[in-house]
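This is the structure I want to talk about, given as structure tokens.
As the structure is a computational prediction, the values presented were derived from the model and not from experiment. In what follows, every chain begins at residue 1, and chains take the letters A, B, ... in the order their sequences are listed.
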Protein chains: 2
Amino acid sequence: MASIKDIARRSGTSPATVSRVINGSGYVSEASRARVQEAIAELGFLPNAGARRLRSGESRMVGVLLPALDVPFFAILAHVIEQALFQAGYQALICCTDESAAAEERYISTLLSQGVDGVIAASVLADGDQYGRLAGVPVVALDRDLPGLAAVKVGADHHAGGRLMAGHLLDQGHSRIAVIGAPAHSAPIQARLAGALERLAEAGHSPVAVALGPVHDFDACRALAEDVLETSPTALIGTTDIAAIGAIHAAIGRGLRVPADLAVIGFDDLPAAAYVLPALTTISQPLREIAAAATAQLIGLMTGAPLPPPAPFALRLVRRETT
Amino acid sequence: MASIKDIARRSGTSPATVSRVINGSGYVSEASRARVQEAIAELGFLPNAGARRLRSGESRMVGVLLPALDVPFFAILAHVIEQALFQAGYQALICCTDESAAAEERYISTLLSQGVDGVIAASVLADGDQYGRLAGVPVVALDRDLPGLAAVKVGADHHAGGRLMAGHLLDQGHSRIAVIGAPAHSAPIQARLAGALERLAEAGHSPVAVALGPVHDFDACRALAEDVLETSPTALIGTTDIAAIGAIHAAIGRGLRVPADLAVIGFDDLPAAAYVLPALTTISQPLREIAAAATAQLIGLMTGAPLPPPAPFALRLVRRETT
DNA sequence: TTGTAGGCGTTATCAC
DNA sequence: GTGATAACGCCTACAA
């Protein structure tokens, strides 16, 4: 790899001048600039990011901590964040913590080692010790609070979303309502559950069953729903679309008709929600908008120009065919 | 951030000794080692990755180039690759090229600047100039060949997969067969199409319609299918599950019954394929296995212990309810 | 307007 | 066993 010394030699200038050209800083004559740029092009020079970071203290990298990428919800967030960061001149270091606190701690060490300029995190950690290590690094909490850290948080109001789900089923005249979902330890899931229970309680009801499992995929949620259906609810709240779709399959497998025998509502409005049959009624949250806002917040923090907190994100009931 | 000098001072040793402790290299007395480790723990020392890279030339980072993360197929690959790399002590630099050659070129510059130790790439590039810049860096091609680069390639045989799709529909007695899919410029998609056409031709048939669009999501594929259904096929090949599911919705929207009026087969066997109704018949490819194999190949290349090329990946017809 | 020199944190070499 | 020391590539005073 060519270095600025090579460029200096080839262009008959000095490393300092080359640096000035690269960074557009200080005075450089047009003649020098042209010769330097020519040499850069000829040698295919690219600055050494490690050396830059060593010298300047800035890495132009951002850590993005997510529980997983093989869950569409997080994959969409990661996609938007990565694109927005790159466009702003930052490289995303995407880390899949795999719902493991130990893994998350190891990732935080790595990010510190890399000297990231900022972090966006959807954490699974229960306490704040780990994020305390990031003191001095701008951090944005995504989708859920960061324990014990007064970081900017960007995400939907999951409690309100839970109320919305319950409210819709109540409006439809249901009273035997069950809740299923996963992963149980997830704060947003817990918040949706709490919101739903609160709304149910206001109507004088309590759920006929609540089942939160550890694994968040179609198969696991379907299995979860099997048990819940024994309690013969007339309506079911899935804390995510994945959970709701799993439950629909459990119901249909038992010969129930959806929504005639069992109404189902989900949460997230993932692309698949509109493309299952019957199409899923769900609460949509503006995922891409949330990801973009989180990135913008972080960039504001990193550049010393913090943004006002984003306006609350609109949750919307999307009525389709399962209620 | 504490440096090895701080650790040296605090432990009454020298930077050299600290380095030896950190890297487990050279001779260090037990007493020194203990004092150094204590100091490291007390100060929460983490080595500066930039300085290491500058000194050693190794970054312990790997570039992962993918068209997108908001497409489940790539998100699953990214997930498995990221996890496997991290476990092996490498950080993944995941780059979403967004199906754009210009973006891919920019990402390659960034990766070079970062001095990545290796690259795994599912490229959208049509020519090999860009990857030529990576000369000297171990590269593994994922899911599709890298133009003009004799890199290791890890992926399924899409042509054979295309034949499998057509063969299954032929077996079911269909002869009015159409093909829809996206994105049109994607090499694997083209290979599946070619395989399907070849198999059809062997049976003396040609497709009643072929429609490949630029955008690969449910909505776009559904729109694509609308036109194709005008040609009243009795069976339809989706070049991916997304395309197939979009097409099913177009068909049902027109009052057709699936599979009675229209049989549909997809490709990939994404989680959603089993959870649409009717459940999708599709060709499954072992996505996670492919991702793991690609990572293993790259690690072999990076550590100077190349692995024999992986055994061909098994494509499997998964018969469900749409044929 | 340009060049020289020093140092960021680390590791490998060499001398003790 | 251990500690100086040099060098990796870059940027920025400072000098010219």
Side-chain angles (χ1 to χ4, degrees), chain A residues 1-40 43-61 89 109-117 136, chain B residues 1-37 39-40 43-61 89 91 109-117 136:
Chain A
M1 257 304 69
S3 77
I4 54 170
K5 276 187 193 164
D6 301 318
I7 304 301
R9 202 168 15 242
R10 185 165 184 116
S11 60
T13 62
S14 74
T17 300
V18 175
S19 176
R20 285 191 271 260
V21 170
I22 294 171
N23 299 293
S25 59
Y27 297 97
V28 185
S29 71
E30 265 320 308
S32 301
R33 180 185 310 281
R35 292 214 311 288
V36 167
Q37 276 166 343
E38 191 183 359
I40 287 177
L43 296 182
F45 166 81
L46 287 172
N48 180 312
R52 273 196 161 164
R53 143 141 163 63
L54 184 57
R55 173 61 228 221
S56 72
E58 295 201 339
S59 65
R60 308 289 310 176
M61 296 198 292
S109 294
T110 307
L111 296 180
L112 251 9
S113 219
Q114 294 289 354
V116 290
D117 295 339
Chain B
M1 255 305 67
S3 78
I4 55 170
K5 278 187 192 166
D6 301 318
I7 304 300
R9 203 168 16 239
R10 186 166 183 117
S11 61
T13 61
S14 74
T17 299
V18 175
S19 177
R20 283 191 274 261
V21 171
I22 294 172
N23 299 294
S25 61
Y27 297 97
V28 185
S29 72
E30 265 320 309
S32 301
R33 179 184 309 282
R35 291 215 310 290
V36 166
Q37 276 165 344
I40 287 177
L43 296 183
F45 165 81
L46 287 172
N48 180 313
R52 272 198 163 162
R53 142 139 165 64
L54 183 57
R55 174 60 227 215
S56 73
E58 296 200 339
S59 66
R60 310 287 309 175
M61 297 198 292
Q91 259 284 331
S109 294
T110 306
L111 296 180
L112 249 10
S113 218
Q114 294 289 354
V116 290
D117 295 338

Which angle, to the nearest 10 degrees, lies between the helix axes at the two ends of the helix from C/dT1-D/dA16 to C/dC16-D/dG1, each defined by five pairs?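 Its terminal axes enclose an angle near 50°.
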Residue of the set A/Val36, A/Val21, A/Asn48, A/Ile22 for which side chain to side chain contact (heavy atoms under 4.5 Å, CB included) holds with A/Ile4: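 Of the listed options, the one satisfying the test is A/Ile22.
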Quickly work out the B/Arg35 CZ to D/dG1 P distance and round it to whole Å.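 From B/Arg35 CZ to D/dG1 P: 14 Å.
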Determine the minimum heavy-atom distance between A/Ser113 and B/Pro47, stating which atoms define it.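 Shortest heavy-atom separation between A/Ser113 and B/Pro47 comes out as OG-O, 2.5 Å.
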A/Arg60 CZ to D/dC10 P: how many Å, rounded?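 My rounded result for the distance is 17 Å.
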Check A/Gly57 against A/Asp117 and note the closest heavy-atom contact, atom names and distance.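 Reported closest heavy-atom pair: O-OD1, 4.3 Å.
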Look at all strands and tell whether A/Pro15 reaches a base, only sugar-phosphate, or nothing, counting heavy atoms closer than 4.0 Å.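 The residue A/Pro15 makes no contact with any strand.
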For A/Ser32, give me all partners under side-chain hydrogen bond (donor to acceptor under 3.5 Å, both in side chains), at least two apart in sequence or on another chain.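 Scan of A/Ser32 (side-chain hydrogen bond (donor to acceptor under 3.5 Å, both in side chains), adjacent residues dropped) gives A/Ser29.
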Members of residues 24-33 of chain B that approach DNA chain C, where some heavy atom sits under 4.0 Å away: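 Those residues whose heavy atoms fall under 4.0 Å from DNA chain C, taken from residues 24-33 of chain B, amount to none.
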Which residue, A/Ser3 or B/Ser14, contacts DNA chain D at a nucleotide closer to its 5' end, judged by nearest heavy atom?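 Comparing both residues, the 5'-ward one is B/Ser14.
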Taking any heavy-atom pair under 4.0 Å as a contact, classify A/Ser19: base, sugar-phosphate, or nothing.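 Contact class for A/Ser19: base.
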Inter-residue atom distance A/Met61.CE - B/Thr110.OG1, 0.5 Å rounding: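 The CE atom of A/Met61 sits 11.5 Å away from the OG1 atom of B/Thr110.
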Applying side-chain hydrogen bond (donor to acceptor under 3.5 Å, both in side chains), name anything that partners A/Ser11, two or more places apart in sequence or on another chain.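 A/Ser11 satisfies side-chain hydrogen bond (donor to acceptor under 3.5 Å, both in side chains) with A/Thr13 only.
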Salt bridge (Lys or Arg N to Asp or Glu O under 4.0 Å) pairs, two or more places apart, involving residues 47-61 of chain B: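 Counting only pairs at least two positions apart or across chains, no salt bridge (Lys or Arg N to Asp or Glu O under 4.0 Å) contact touches residues 47-61 of chain B.
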Starting from P on D/dT5, measure out to CD1 on B/Ile4 and report it in whole angstrom.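 It works out to 15 Å between those atoms.
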All side-chain hydrogen bond (donor to acceptor under 3.5 Å, both in side chains) counterparts of A/Ser109, not counting sequence neighbours: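 Expected list: A/Arg133.
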Extract from the structure each pairing of a protein N or O with an N or O of nucleotides 13-16 of chain D at less than 3.5 Å, listing the distance.
none

Rounded to the nearest angstrom, tell me the gap between atom CZ in B/Arg52 and atom C1' in D/dA7.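 B/Arg52 atom CZ is separated from D/dA7 atom C1' by 17 Å.
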Rounded distance in Å - NZ (B/Lys5) to P (D/dT5):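 After rounding, the reported distance stands at 12 Å.
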Using side-chain hydrogen bond (donor to acceptor under 3.5 Å, both in side chains) as the criterion, list what pairs up with B/Ser25, not counting sequence neighbours.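 With sequence neighbours excluded, B/Ser25 shows a side-chain hydrogen bond (donor to acceptor under 3.5 Å, both in side chains) to no residue whatsoever.
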Side chain to side chain contact (heavy atoms under 4.5 Å, CB included) against A/Leu111, all qualifying residues, sequence neighbours excluded: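 Applying side chain to side chain contact (heavy atoms under 4.5 Å, CB included) to A/Leu111 gives A/Leu65, A/Leu93, A/Cys95, A/Val116, A/Val119.
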May I have all residue pairs that pass salt bridge (Lys or Arg N to Asp or Glu O under 4.0 Å) and include part of residues 1-12 of chain A, sequence neighbours excluded?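 Every salt bridge (Lys or Arg N to Asp or Glu O under 4.0 Å) pair that includes a residue of residues 1-12 of chain A, provided the two are not neighbours, is A/Asp6-A/Arg9, A/Arg10-A/Glu42.
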Length of the line joining A/Met1:CE and D/dG9:C1', which is rounded to integer Å: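 Taking CE of A/Met1 and C1' of D/dG9, I get 13 Å after rounding.
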Residues in side chain to side chain contact (heavy atoms under 4.5 Å, CB included) contact with A/Ser14, at least two apart in sequence or another chain: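 A/Ser14 satisfies side chain to side chain contact (heavy atoms under 4.5 Å, CB included) with A/Ala16, A/Thr17 only.
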Using a 4.0 Å cut-off to any heavy atom of chain B, which nucleotides of DNA chain C are the first and last in contact, reading 5' to 3'?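 Taking any atom under 4.0 Å from a heavy atom of chain B, the span is C/dC8 to C/dA12.
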Do the side chains of A/Arg35 and A/Glu38 get close enough for a salt bridge, i.e. N-O under 4.0 angstrom?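 No salt bridge links A/Arg35 with A/Glu38.
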Whole-Å distance separating the CZ atom of B/Arg53 from the C1' atom of D/dC8: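 To the nearest whole Å, that distance equals 10 Å.
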Quick one: A/Asn23 CG to D/dC11 C1', roughly how many Å, whole number?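 Spelled out: CG on A/Asn23 to C1' on D/dC11 is 8 Å.
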